[in-house]
Amino acid sequence: MERRLALALLAVFALACQNAAPAGDEAGTTGGDTSGGTAGSEPPTSTTEGASEARYTYWRDAKAILDKHCATCHRPGDVAPFSLETAEEAQMFAGLLAPAILDGTMPPWPPSADCNRYAHDRSLPEADRELLLAWIDDGAPLGDPADAPPQGPAAPTIAWDLDMPLPEPYVATKSPDDYRCFVLDWPEDQLKYVIGFDVVPDARPIVHHAIAFLIPPGSVTTYKNLDAAEDGPGYTCYGSPGGGGFSQQWLGAWAPGTQPSLDEKRGIPVQPGSAIVLQMHYHPMSGTSPADQTRLRLKLADSVEVPLHVIPFTNPDWLGGSMQIPAGESSVVHDFEVDLTGFIGDFFPQAGVKNGEPFVMHEVSLHMHTRGRRASLELDRQGAEDECALYIPNWDFSWQGGYRLNEPITVKPGDRLRLTCEWDNSAANQPFENGVQVEPADLGWGEGTGDEMCLSVLTVSPVH
Ligand code: HEC
């Protein structure tokens, strides 16, 4: 939060400098490592007079990358603190960009590329990364607008079947973080499969993430009661939609930059009489928050080739109190490993997988709260090399998501699924409440901001 303020100040400062000095003079002071930055490009045409033959220019080279990988969030009214949408903005902020590109914090994409590959990967390809750094190092020259890349084809539009706004607009009341759950009625009266998922944030600058949970018919009253028990639209929730137990399934998650997803072959069945709880994480900065009425959009099908089921994976003992994270410790690790094929049929009969049979993991995610440092989900293969499904080396509660594996993983009897979480519960890693950093306390499993979790969510199917 304070970093954000500092950034805004920096932006104003950059603007002032920009007006005082000829454009392009003060950028390139980043000292970024730009070696090897010419991969795949023409050799620099050397020193003709006028020096207009820059290695890379905004219009010819950088614009396409910034548009695709940065301006999806760095644009007016969106979640990022400054815009990179225009040539002037890109040049003005160029000097600020290199550190975030170099250390990989921007664009935000939590999964480690050394572990596995997923659909909708937001990370910056190596060649683009080097090109941007070289462009910045050269002083971020603009070049000739005539070199602008042609407009790419517009993204295909999806004909959504359901457009479900929050029941009424909500004004966030807590700062800097307000976690709120809203119950959305499920309108279909036949079994349907959710094959496409999208969230349309309304108050864009303050909507930090949204997670949709599917509530089976038998549990809907529990959530309606939670809603009714609190004033105003929705109810307070954090990390999970509350209500106890694991009857809810994770239907989909959204954070800024998440693209709409659609998969005609695979989908999650929804029974008539179900409900959806949409958990919103608002991140209002200060002052009055704009009202928000975010919408969930879904694409449905009557049938699919591969019905998917979303199941939680964790150590049941942790819920019973064995996941202890002592106050002040900067590294606490808990891990759990089990052959899930042994009892998946008993615990999750709805997944359609029988005990002792292999199953397929299509999508994976990890969940901790704010003291989490890193987490991983691996497969300890019987007599074969271990396989990494998901590794998040720098856990950030604000950038959660589900990751659809490019190559689904088949888990066979004998394979052990291993979940590992590490926390930093030292004084320096405590969250802020009302502007004050909280004191470290002993932590265990729970649903509150003062609790922790270590959970993986798996989207599975039988082998087809
Ligand atoms: C998915 C949304 C998103 C994308 C894509 C994105 N950013 Fe950001 N960026 C943010 C947000 C939000 C912040 C504010 C800090 C935060 O919340 O982490 C930020 C902050 C920054 C900062 C300030 C320093 C920092 O690390 O906080 C820089 C520099 C930056 N972004 C550069 C970039 C560049 C360069 C790209 C493209 C290569 C990019 N960003 C892509 C959302 C995004």
Side-chain angles (χ1 to χ4, degrees), residues 1-14 27-32 34 37 56 58 61-87 89-111 113 118 120-137 140 155 175-177 198-201 203-210 253-261 281-286 370 392 394-403 431-432:
M1 299 110 247
E2 282 172 15
R3 197 161 103 230
R4 236 182 155 175
L5 186 66
L7 271 166
L9 289 175
L10 259 175
V12 172
F13 182 67
T29 52
T30 56
T34 60
Y56 300 111
Y58 170 77
D61 309 293
K63 176 178 166 44
I65 302 171
L66 293 170
D67 283 357
K68 178 169 180 206
H69 292 284
C70 314
T72 45
C73 300
H74 288 267
R75 59 185 170 193
D78 214 313
V79 66
F82 55 92
S83 169
L84 291 169
E85 215 178 37
T86 68
E89 289 161 345
Q91 193 174 54
M92 173 166 53
F93 294 117
L96 296 178
L97 305 184
I101 297 172
L102 275 171
D103 72 12
T105 48
M106 287 289 147
W109 180 251
Y118 316 90
H120 305 293
D121 190 333
R122 250 197 329 259
S123 57
L124 203 54
E126 191 54 31
D128 290 355
R129 185 171 173 266
E130 289 183 355
L131 192 155
L132 272 187
L133 289 171
W135 172 70
I136 293 166
D137 212 43
S175 169
D177 296 291
D198 187 28
V199 169
V200 187
R204 278 203 93 103
I206 64 160
V207 174
H208 216 301
H209 75 259
W254 179 92
T258 305
Q259 299 299 312
S261 63
H281 171 191
Y282 297 108
H283 190 54
M285 296 311 297
S286 58
T370 47
I392 301 201
N394 293 300
W395 173 256
D396 184 342
F397 186 81
S398 297
W399 293 104
Q400 298 187 60
Y403 303 100
F432 286 79

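For this chain, numbers begin at 1 and follow the sequence in order. Just follow the structure's listing: the first ligand is 1, and inside any ligand the first atom is 1.
Annotation: T72 places no N or O atom under 3.5 Å from an N or O atom of ligand 1; distance criterion only.
Here Q259 pairs with nothing under the side-chain hydrogen bond (donor to acceptor under 3.5 Å, both in side chains) rule; sequence neighbours left out.
When H283, M106, R75 are checked for heavy-atom proximity to atom 33 (C) of ligand 1, M106 turns out nearest. The residue from S123, C70, P108 that puts a heavy atom closest to atom 34 (C) of ligand 1 is C70.
A donor-acceptor pair is defined here as one N or O able to donate and one able to accept, closer than 3.5 Å; no such pair exists between the side chain of E130 and the backbone of A127. When atom types are taken as modelled, the side chain of D78 and the backbone of A80 share no donor-acceptor pair closer than 3.5 angstrom. Counting only distance, with no hydrogens or angles, the side chain of R122 and the backbone of H69 share no donor-acceptor pair below 3.5 Å.
Ring-plane geometry between H281 and H209 is classed as perpendicular, the angle between the planes exceeding 60 degrees on a 0 to 90 degree scale with a lower cut at 30.
Set against the non-hydrogen atoms of L96, the atoms of ligand 1 under 4.0 Å away are 29 (C).
Residue contact annotation: F93 has no non-hydrogen atom under 4.0 Å from ligand 1.
When heavy-atom distances to ligand 1 are checked against a 4.0 Å cut-off, A100 comes that close only through its side chain, counted from C-beta outward.
Between H208 and W399, the gap from one ring centroid to the other is short of 6.0 Å.
Taking backbone and side-chain atoms together, C73 has no N/O/S atom less than 2.8 Å away from atom 8 (Fe) of ligand 1.
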